[in-house]
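In what follows, a single structure is set out as structure tokens and then discussed.
Computed from a prediction, not measured in an experiment: that's the story for all the values here. The figures that follow rest on heavy atoms only: side chains count, while hydrogens, waters and symmetry mates do not.
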Amino acid sequence: DAVARSNEREMLVLDLGSLSGQQAKMFLAHEFQHLISFNQKENLRGLSEVIWLNEARSEYSLTRIGMNVPYDGSPLQQRVATFLRSPSDSLTQWPNTSVDYSIASVFIEYLTEQYGPEILTESLKSPDVGIVSLEEFLKKHNVADRFADVFVNWMVAASLNDISYDGRFGYVRQELRTMKVRPTNVLLGDNSFMLNTEVASWQPLWYEFTFPRGVSSAVKIDIDGAAGDPYPTALVVRYTDGSFRVHSVASLKAPRTLYIPEEEEARISSILLAVTHGGDPDTMVPRSAAYPLKVTIAAVDKSNLGTPAS
């Protein structure tokens with residue numbers, strides 16, 4: 001039997017210390033989304049939403065209620081600043097740090113700009129969770145992109161951030177157009193380099209390989225790691241005449257060789273590599289889980305030129 005004075009009801013419980021000034025609205029919006037999510041997933045469908053997407057929806061709720069306008073001093077500005085200090089954090093692994101919230105916030109702003117806030121509301125009512133629910137939305141709306149495409153395009157947007165070149169490769173919101181991740185810079189003195197590292201699932205890595213004197217020949221890039229695993233990749237190739245081109249290979253599986261053909265009128269000055277590991281979307285793995293990544297880059301002559309990067 002119900003207890004007449006029981007507090008068992010739909011309600012939010014907040015610490016009094018969080019209810020001062022603008023923080024009250026921020027916490028209420030964030031936690032109210034969690035309440036909605038619990039009802040839609042756990043209560044109505046018997047599901048448990050993955051943490052990163054649940055938190056990303058709560059981060060975006062602040063944008064929806066206008067708390068990120070004006071931008072200066074807003075929660076979003078603070079998230080962007082944290083993200084730029086530590087951009088290479090896994091989106092889906094969630095040790096519950098400020099860095100986790102920051103990449104979720106920055107990514108979800110991009111996702112909703114590209115596909116509309118409906119991608120969050122409809123996936124919330126999906127019989128699936130996480131990445132699978134987002135892909136269900138894309139398929140339903142006849143969008144050819146899959147999550148790997150979205151993530152690769154976002155990695156380019158976070159570093160190139162130029163919608164004049166392609167609407168997929170930048171942010172629409174004016175205040176976010178200046179946001180650019182600083183890649184790890186590698187100077188190729190002899191026009192070749194080998195990188196050995198690790199990457200977690202949906203952890204973005206950015207490396208910029210610079211050719212000091214420019215390269216008039218083609219460039220060969222070998223990407224290797226866990227055999228058969230997906231390593232969604234993008235290349236931003238810059239030339240000595242100031243032009244650049246983007247090559248997206250969201251479906252890349254290790255091992256794979258990519259070729260950047262030479263240009264008749266300009267030398268290759270640098271190549272930005274954006275790469276991640278496209279892990280199983282339904283597996284919640286600890287932060288320590290990572291996969292090998294080996295990248296070899298070298299200038300080659302025409303006789304060694306294979307199929308160009310798409």
Side-chain angles (χ1 to χ4, degrees), residues 52-53 56 83 87-93 103-104 106-115 119 130-132 134-135 137-139 141 143-163 165-172 176 179-184 195 197-209 219 221-226 228-238 244-260 270-281 290-291 293-295 297 307-310:
W52 78 266
L53 185 52
F83 169 72
S88 289
D89 181 67
S90 169
L91 174 66
T92 57
Q93 295 180 17
I103 188 173
V106 170
F107 177 79
I108 215 68
E109 289 289 327
Y110 173 82
L111 185 72
T112 52
E113 282 191 355
Q114 292 290 314
Y115 304 101
I119 192 170
I131 291 172
V132 175
L134 298 178
E135 292 194 331
F137 171 90
L138 297 174
K139 292 177 184 177
H141 292 274
V143 178
D145 295 337
R146 293 299 172 258
F147 188 78
D149 301 288
V150 176
F151 198 86
V152 164
N153 293 341
W154 170 73
M155 288 194 294
V156 176
S159 52
L160 180 63
N161 211 346
D162 187 352
I163 57 175
Y165 175 80
D166 189 309
R168 299 170 298 170
F169 300 146
Y171 282 83
V172 176
L176 297 181
M179 183 192 77
K180 292 186 178 181
V181 168
R182 292 184 179 180
T184 299
L195 169 72
T197 187
E198 290 184 326
V199 59
S201 290
W202 306 114
Q203 175 192 10
L205 298 180
W206 292 272
Y207 293 92
E208 186 162 37
F209 303 99
V219 174
I221 304 173
D222 292 311
I223 298 177
D224 202 356
D229 276 18
Y231 287 82
T233 298
L235 305 172
V236 180
V237 184
R238 295 189 179 275
F244 65 88
R245 293 184 182 177
V246 177
H247 304 273
S248 177
V249 195
S251 60
L252 187 148
K253 291 187 177 181
R256 176 80 177 269
T257 298
L258 304 175
Y259 291 92
I260 306 300
S270 68
I271 298 176
L272 173 71
L273 168 71
V275 61
T276 188
H277 181 274
D280 186 333
Y291 301 86
L293 173 65
K294 179 179 178 181
V295 178
I297 182 169
T307 304
S310 58

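Using a 4.5 Å heavy-atom threshold, the side chains of L134 and V150 count as separate. With a 4.5 Å cut-off on side-chain heavy atoms, V132 and E135 do not count as touching. At least one side-chain heavy atom of R168 sits less than 4.5 Å from a side-chain heavy atom of Y110. No side-chain heavy atom of T92 sits under 4.5 Å from any side-chain heavy atom of L53. In this structure, the side chains of V199 and V275 stay at 4.5 Å or more apart for every pair of heavy atoms. Side-chain contact between W202 and P232 is present, with at least one heavy-atom pair separated by less than 4.5 Å. Between D149 and S248 there is no side-chain heavy-atom pair separated by less than 4.5 Å. Annotation: side chain of L258 is in contact with side chain of L252 (closest heavy-atom distance under 4.5 Å).
Between R146 and L138 the shortest heavy-atom distance is NH1-CB, 3.9 Å. The two residues Y231 and D229 have their closest heavy-atom pair at CD1-O, 3.3 Å. Contact record, Y165 with V246: OH-N, 3.2 Å, taken as the closest heavy-atom pair. Nearest heavy atoms, L160 versus R238: CD1-NH2, 3.4 Å. Listed here is the closest heavy atom pair of Q93 and A200: NE2-CB, 3.5 Å. Looking at every heavy atom in both residues, R256 comes nearest to V249 through NH1-CG1, 3.6 Å.
The backbone N or O of G279 lies less than 3.5 Å from no partner atom in the side chain of Y291, so there is not a single donor-acceptor pair. In this structure a side-chain-to-backbone donor-acceptor pair under 3.5 Å is present from S88 to P204. Not a single donor-acceptor pair under 3.5 Å links the side chain of D162 to the backbone N or O of F169. Remark: the backbone N or O of M179 is paired with a side-chain donor or acceptor of N161 at under 3.5 angstrom. D222 places no side-chain N or O within donor-acceptor distance of the main-chain N or O of K294, the cut-off being under 3.5 Å. Although no hydrogens or angles enter the test, the distance criterion places no donor-acceptor pair under 3.5 Å between the side chain of E198 and the main chain of A290.
Listed by chain and number, the residues in a side chain to side chain contact (heavy atoms under 4.5 Å, CB included) with P87 are F83, V181, W206 (sequence neighbours excluded). For R182, the salt bridge (charged side-chain N to carboxylate O under 4.0 Å, His left out) criterion is met by no residue, not counting sequence neighbours. Residues forming a ring pair (Phe, Tyr, Trp, His ring centres under 6.0 Å) with Y207 (at least two apart in sequence, or on another chain): none.
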Q.
For a side-chain contact (heavy atoms from CB on, under 4.5 Å) check, start with the C-alpha distance between I297 and L273, then their side-chain angles and the critical distance, and finish with the verdict.
A. CA-CA 10 Å; I297 182 169; L273 168 71; over 6 Å; no
Q: In sequence, state the C-alpha distance, the side-chain angles, and the governing distance for H247 and V237, and then conclude on side-chain contact (heavy atoms from CB on, under 4.5 Å).
A: CA-CA 8 Å; H247 304 273; V237 184; 3.7 Å; yes
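A distance of 12.0 Å separates CG of D224 from CG of L195, quoted to the nearest 0.5 Å. Put simply, CD on E113 and CG on L176 are 6.5 Å apart, with the number rounded to the nearest 0.5 Å. Rounding to the nearest 0.5 angstrom, the gap separating the OG1 atom in T197 from the CG atom in L205 is 6.5 Å. In this structure, CD on Q203 lies 11.0 Å from CG on L91, to the nearest 0.5 angstrom. Here F147 contributes atom CZ and W154 contributes atom CH2; the two are 9.5 Å apart, rounded to the nearest 0.5 Å.
Each of T276, L111, I131 was compared with F151 under the side-chain contact (heavy atoms from CB on, under 4.5 Å) criterion, and only T276 meets it.
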